[in-house]
Amino acid sequence: MNNSGSLLIIIFYLIIMLGIGLVMGNIMTTSLNLITVDQNADGNGLFNMAQQFSGAAGTSIVSAIMQFVQQISTASSTAGRTMAGAQVALFFLFVLVLVAVCLLYQATKNVDLVKE
């Protein structure tokens, strides 16, 4: 039994979750500092709602893409059709990441760092 594929998945997932953990707290703290103290509870609730909605919507969209590609795939086996769907879905997610990085760069390129 070859476990190198499972080990790579675990390593990549660990890196992604570490990155999310390091980024989300800072984003929430910085964003909540922009609103008044009495609005902090609403802001925190909004962040949690947006995170849950984005996760649910993303899962649904990726699942729909995979199922559509599986239906139109010419692969002879179920594994082949599933692999084709997964490849297209991952490419879609990669494009979304590139768009997000470009938008983040545009939004932050003229921001002056506050020196204290």
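Every heavy atom of this structure was used, including side-chain atoms; hydrogens, water molecules and symmetry mates were not. In what follows, residues are counted from 1 in the order of the sequence shown.
For the residue pair A89 and M66, the shortest heavy atom distance occurs at CB-CG, 3.6 Å. Closest of all the heavy-atom pairs between A75 and G80 is CB-C, 3.7 Å.
In this structure, the side chains of T30 and L34 stay at 4.5 Å or more apart for every pair of heavy atoms. Side chains of T78 and R81 form a contact here, defined as non-hydrogen atoms less than 4.5 Å apart.
Residue L32 holds its CG atom at 6.0 Å from CG of N44, rounded to the nearest 0.5 Å. Summarising the geometry, atom CE belonging to M24 is positioned 4.0 Å from atom CD belonging to Q51; distances are rounded to the nearest 0.5 Å. Going from atom CG of L93 over to atom CD1 of I65 covers 7.0 Å, rounded to the nearest 0.5 Å. Taking CD1 of I16 as the start and CD1 of I11 as the end, the distance is 12.0 Å to the nearest 0.5 Å. In this structure, CG in L22 is found 11.5 Å from CE in M17, a value given to the nearest 0.5 Å. To the nearest 0.5 Å, atom CZ of residue F47 and atom OG1 of residue T29 are 9.0 Å apart.
Grouping the Ile, Leu, Val, Met, Phe, Trp and Tyr side chains by contacts below 4.5 angstrom, directly or via other members, places L14 apart from L8. Both I15 and L7 are assigned to one and the same hydrophobic cluster, defined by single-linkage of ILVMFWY side chains at heavy-atom distances under 4.5 Å. Under the 4.5 Å side-chain heavy-atom criterion for ILVMFWY residues, no single connected hydrophobic cluster contains both F91 and V69.
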Can L46 and D42 be said to form a side chain to side chain contact (heavy atoms under 4.5 Å, CB included), step by step?
CA-CA 6 Å; L46 184 64; D42 293 333; over 6 Å; no
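Side-chain polar atoms of T36 and Q39 form a donor-acceptor pair below 3.5 angstrom.
Screening L90, L96, V95 for a side-chain contact (heavy atoms from CB on, under 4.5 Å) with F92, the sole residue that qualifies is L96.
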